[in-house]
Amino acid sequence: MTPIAHTVGADDMVAYLLADVAAGAEISLQGAATGAVTAQDAISVFHKIALRPIRAGETVWRGGWPIGRATADIGAGAHVHTHNLVSAHATTSKESK
């Protein structure tokens with residue numbers, strides 16, 4: 001069975017995985033965006049996968065809403081989580097500088 005990731009908007013930069021995936025697995029997209037992406041990393045269910053390259057400092061969008069800012073360059077198919085994304089809801093002075 002091909003793993004699936006869910007998208008909300010056609011322009012989403014990330015999708016949520018509906019199952020655990022291994023590095024190298026081809027992920028089928030369902031929802032507003034279609035196609036496939038290859039996982040660069042092993043990623044747990046309900047975590048995000050990048051659908052395209054994202055530059056450090058770039059705002060990450062999902063469903064027409066900013067969900068955070070990339071703190072490092074993120075390749076297509078990479079795991080997107082707290083190690084490379086700060087939440088759009090973060091309010092610490094360090095992130096606001």
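Side-chain atoms of T7 and V14, non-hydrogen and from C-beta on, never get closer than 4.5 Å to each other. Side-chain contact between V86 and R69 is present, with heavy atoms from C-beta onward closer than 4.5 Å. By the 4.5 Å heavy-atom criterion applied to side chains, V60 and I54 are counted as neighbours.
In this view, H47 and H79, H81 satisfy the ring-ring contact (aromatic ring centres under 6.0 Å, His included) rule, not counting sequence neighbours. Looking at residues two or more places apart in sequence or on another chain, you find a side-chain contact (heavy atoms from CB on, under 4.5 Å) between P53 and A76. For E58, the salt bridge (Lys or Arg N to Asp or Glu O under 4.0 Å) partners are R52, R55, not counting sequence neighbours.
For D12 (side chain) and V8 (main-chain N/O), a donor-acceptor pair under 3.5 Å exists by modelled atom type. Proximity of a side-chain donor or acceptor of N84 to a complementary backbone N or O of T71 within less than 3.5 Å is not detected.
The distance from atom CE of M13 to atom CD1 of I49, rounded to the nearest 0.5 Å, is 14.0 Å. Atoms CD1 and NE2, on I4 and H6 in that order, are 10.0 Å from each other to the nearest 0.5 Å. Between the CG atom in L85 and the OG1 atom in T59 there is a gap of 10.0 Å [rounded to 0.5 Å].
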What pairs of donor and acceptor atoms, side-chain ones from residues 15-34 against any protein atom, are under 3.5 angstrom apart with sequence neighbours left out?
| from | atom 1 | to | atom 2 | distance (Å) |
| --- | --- | --- | --- | --- |
| D20 | OD1 | V45 | N | 2.7 |

| Please walk me through it: do I67 and K48 pass side chain to side chain contact (heavy atoms under 4.5 Å, CB included)? | CA-CA 11 Å; I67 63 165; K48 295 174 292 299; 3.7 Å; yes
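A salt bridge (Lys or Arg N to Asp or Glu O under 4.0 Å) check over residues 33-44, counting only residues at least two apart or in different chains, returns nothing. For the ring pair (Phe, Tyr, Trp, His ring centres under 6.0 Å) condition, no pair includes a residue of residues 21-42, sequence neighbours left out.
Atom CG of D11 sits in a sparse spot, with 12 or fewer heavy atoms from other residues, nucleotides or ligands closer than 6.0 Å.
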